[in-house]
Amino acid sequence: MTDVQSVTLNDGFEMPAIGLGTYQVRGGQGVNQILAAIKDGYRSLDTATNYDNEGAVGEAIRRSGLPRSAFFVTSKLPGKYHRYAEATKAIQESLYRMGLEYFDLFLIHWPLPKRDHYVEAWRAMIDAQTRGLIRSIGVSNFEPEHLDRLINETGVTPAVNQLEVHPYWTQERMRAEDQKRGIVTEAWSPLGRGSAALKEPLIQKLAKKYGKNVGQIVLRWHIQRGIVPIPKASNLVHQRGNLDIFDFSLDPEEVTAITALNRVDGRIDNQDPNEYEEFD
């Protein structure tokens, strides 16, 4: 089993340096896929209310036979529950669906600044943390102005900001902004969707150099930038391969070269956090 490294959050808790994304992993088949990943060494499992699979993730945890303390479980609050009272109930319902007593990490899924209730949601999460329902609280898809408003109005800095990050959307600005505030950056869709970035000659060349596959090169690039990738993989070979990234290092100039693949139109679905209206 691969020995997965960990990172320390600004609240003192530790989080595995790579996790398993579970978007579109549902039902009995999803339970089996997650169980296979757990068997291969995954301990960080990332879900969300809007993924409609919190139950499957919780069931896999129970069937694994491992203690709850072995896992780092993340879920996310949907935009329709940003009001304080609704957020409070939504956190509790997520725990009931998963059959858990607490989350290791809970995130606001999108800021939805046009609705302008994310500070209210953040206060509900702070209170849920105080009651022991959540250990670490964070956000997803937040821009610097959203982060600063949370910090200035509540005095509590998010532990994590989960963002779209991959070779065509490298988020160098946001990585630096998070780092400046002591926030760990996580990457959703860390390989991009589709295989275009993985076909880049640079990445293929590095895969041959290090005896790794192209996905492992990209995940290692994330790790060396201080970013925690959350790749989704239902294929068992891909699951195992994605963990096997801690036995080599890219040269600094190679990290820089992959970062230079960034494109101004590199977002997968052009989801601008200042404009995007999250699905209900």
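Not measured: the values here are computed from a predicted model.
- Neither Leu105 nor Val139 shares a network with the other; the hydrophobic side chains, linked directly or stepwise wherever heavy atoms of I, L, V, M, F, W or Y lie under 4.5 Å apart, form separate groups for each.
- Summarising the geometry, atom CE belonging to Met98 is positioned 8.5 Å from atom CZ belonging to Arg62; distances are rounded to the nearest 0.5 Å.
- Here the shortest heavy-atom pairing between Pro78 and Asn50 reads CB-ND2, 3.5 Å.
- Using a cut-off of 4.0 Å between Lys/Arg side-chain N and Asp/Glu carboxylate O, Arg63 and Glu59 are scored as salt-bridged.
- Side-chain N/O atoms of Arg220 and Gln224 include a donor and acceptor closer than 3.5 Å.
- A 4.5 Å side-chain heavy-atom check between Tyr81 and Ile91 finds every atom pair outside the cut-off.
- Proximity of Leu133 to Leu95: side-chain heavy atoms (C-beta onward) are separated by under 4.5 Å at one or more points.
- With contacts defined as side-chain heavy-atom distances shorter than 4.5 Å, the pair Pro158/Arg181 does not qualify.
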Show the numbers, then the answer: is there a side-chain contact (heavy atoms from CB on, under 4.5 Å) between Tyr42 and Leu243?
CA-CA 8 Å; Tyr42 285 90; Leu243 281 184; 3.6 Å; yes
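- Checked for salt-bridge contact, Lys209 and Glu254 meet the test: a charged N lies under 4.0 Å from a carboxylate O.
- Ser140 places a side-chain N or O within 3.5 Å of a backbone atom of Gln162 that can act as its donor or acceptor partner.
- Ion pairing between a basic and an acidic side chain is recognised when a charged N comes within 4.0 Å of a carboxylate O; Arg68 and Asp104 show such pairing.
- Contact detail for Glu54 and Thr47: the closest heavy-atom pair is CG-OG1, 3.8 Å.
- Put simply, the side chain of Ile18 does not reach to within 4.5 Å of the side chain of His222, judged on heavy atoms.
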Verdict with supporting geometry, Tyr276 and Asn270, side chain to side chain donor-acceptor pair (under 3.5 Å)
CA-CA 9 Å; Tyr276 180 62; Asn270 197 30; over 6 Å; no
Give the intermediate values and the outcome of side chain to side chain donor-acceptor pair (under 3.5 Å) for residues Asp11 and Ser136.
CA-CA 7 Å; Asp11 56 15; Ser136 298; 2.6 Å; yes
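- Considering every non-hydrogen atom in both Ala233 and Gln239, the closest pair reads O-NE2, 2.9 Å.
- Between Asp247 and Lys212 there is a salt bridge, since at least one side-chain N of the basic residue sits less than 4.0 Å from a carboxylate O of the acidic one.
- Between atom OH of residue Tyr210 and atom CD of residue Gln216 there is a gap of 13.5 Å, rounded to the nearest 0.5 Å.
- The CD1 atom of Ile61 lies 5.0 Å from the CG atom of Leu100; values are rounded to the nearest 0.5 Å.
- The two residues Leu250 and Ile217 make their nearest non-hydrogen contact at CD1-O, 3.9 Å.
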From CA spacing to verdict: side chain to side chain donor-acceptor pair (under 3.5 Å), Asn274, His146
CA-CA 9 Å; Asn274 287 301; His146 308 141; 3.2 Å; yes
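- For the pair Arg43 and Phe72, the NZ or CZ position fails the cation-pi test of under 6.0 Å to the six-membered ring centre and within 45 degrees of the ring normal.
- Heavy atoms only, all atoms of each residue included: Pro190 and Ile230 are closest at CD-O, 3.6 Å.
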Before you tell me yes or no, could you show the steps for Arg123 and Thr154 under side chain to side chain donor-acceptor pair (under 3.5 Å), namely the whole-Å CA-CA distance, both residues' side-chain angles and the distance that decides it to 0.1 Å?
CA-CA 7 Å; Arg123 292 188 191 280; Thr154 69; 5.9 Å; no
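- The closest side-chain heavy-atom distance from Glu14 to Val7 is not below 4.5 Å.
- No donor-acceptor distance shorter than 3.5 angstrom exists from the side chain of Gln5 to the backbone of Ala17, with no hydrogens or angles considered.
- Following chains of ILVMFWY side-chain contacts shorter than 4.5 Å, one cannot reach Leu9 starting from Leu45, and the two form parts of different hydrophobic clusters.
- One distance of note links CD of Gln33 with CG of Leu20; it measures 9.0 Å at 0.5 Å rounding.
- A donor-acceptor contact shorter than 3.5 Å is absent between the side chain of Arg175 and the backbone of Val165.
- For the pair Arg135 and Tyr102, the cation-pi criterion (under 6.0 Å, within 45° of the ring axis) is fulfilled.
- Glu275 places no side-chain N or O within donor-acceptor distance of the main-chain N or O of Asp272, the cut-off being under 3.5 Å.
- Val73 is not connected to Tyr96 by any chain of hydrophobic side-chain contacts under 4.5 Å among Ile, Leu, Val, Met, Phe, Trp and Tyr, and they are in different clusters.
- Here Leu261 contributes atom CG and Thr256 contributes atom OG1; the two are 11.5 Å apart, rounded to the nearest 0.5 Å.
- Glu164 contributes no side-chain N or O that, together with a main-chain N or O of Trp169, makes up a donor-acceptor pair within less than 3.5 Å.
- Judged by distance alone, with hydrogens and angles left aside, the side-chain atoms of Asn235 form a donor-acceptor pair with the main-chain N or O of His238 at under 3.5 Å.
- Here the side chain of Thr157 pairs no donor or acceptor atom with the backbone of Ile151 at under 3.5 angstrom.
- Note on Lys89 versus Glu93: no salt bridge recorded, every NZ/NE/NH1/NH2 to OD/OE distance being 4.0 Å or above.
- Judged by distance alone, the side chains of Tyr168 and Glu200 do bring a donor and an acceptor atom under 3.5 Å apart.
- Smallest separation of non-hydrogen atoms from Ala48 and His109: CB-CE1, 3.8 Å.
- Distance check: Phe71 CZ to Ser44 OG gives 11.0 Å after rounding to the nearest 0.5 Å.
- Residues Glu145 and Pro113 are not in side-chain contact: their nearest non-hydrogen atoms beyond the backbone lie 4.5 Å or more apart.
- Using a 4.0 Å cut-off between charged side-chain N and carboxylate O, Lys232 and Asp46 make no salt bridge.
- Residues Arg225 and Glu172 are paired through a salt bridge, judged by an N-O separation under 4.0 Å between the basic side chain and the carboxylate.
- Proximity of a side-chain donor or acceptor of Asn141 to a complementary backbone N or O of Pro273 within less than 3.5 Å is not detected.
- In this structure, Met125 and Leu107 have side chains that are not in contact, with every pair of non-hydrogen atoms separated by 4.5 Å or more.
- Note: Phe142 and Tyr118 meet the aromatic proximity criterion, with ring centroids under 6.0 Å apart.
- Just one residue in the list Leu206, Thr259, Ile203 forms a side-chain contact (heavy atoms from CB on, under 4.5 Å) with Trp221, and that residue is Thr259.
- No donor-acceptor pair under 3.5 Å is formed between the side chain of Thr170 and the backbone N or O of His166.
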Given side-chain contact (heavy atoms from CB on, under 4.5 Å), test Ile223 with Ile245 step by step and report yes or no.
CA-CA 9 Å; Ile223 295 292; Ile245 57 173; 3.8 Å; yes
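- A distance-only check finds no donor-acceptor pair linking the side chain of His82 to the backbone of Lys80 [under 3.5 Å].
- With a 4.5 Å cut-off on side-chain heavy atoms, Val57 and Val31 do not count as touching.
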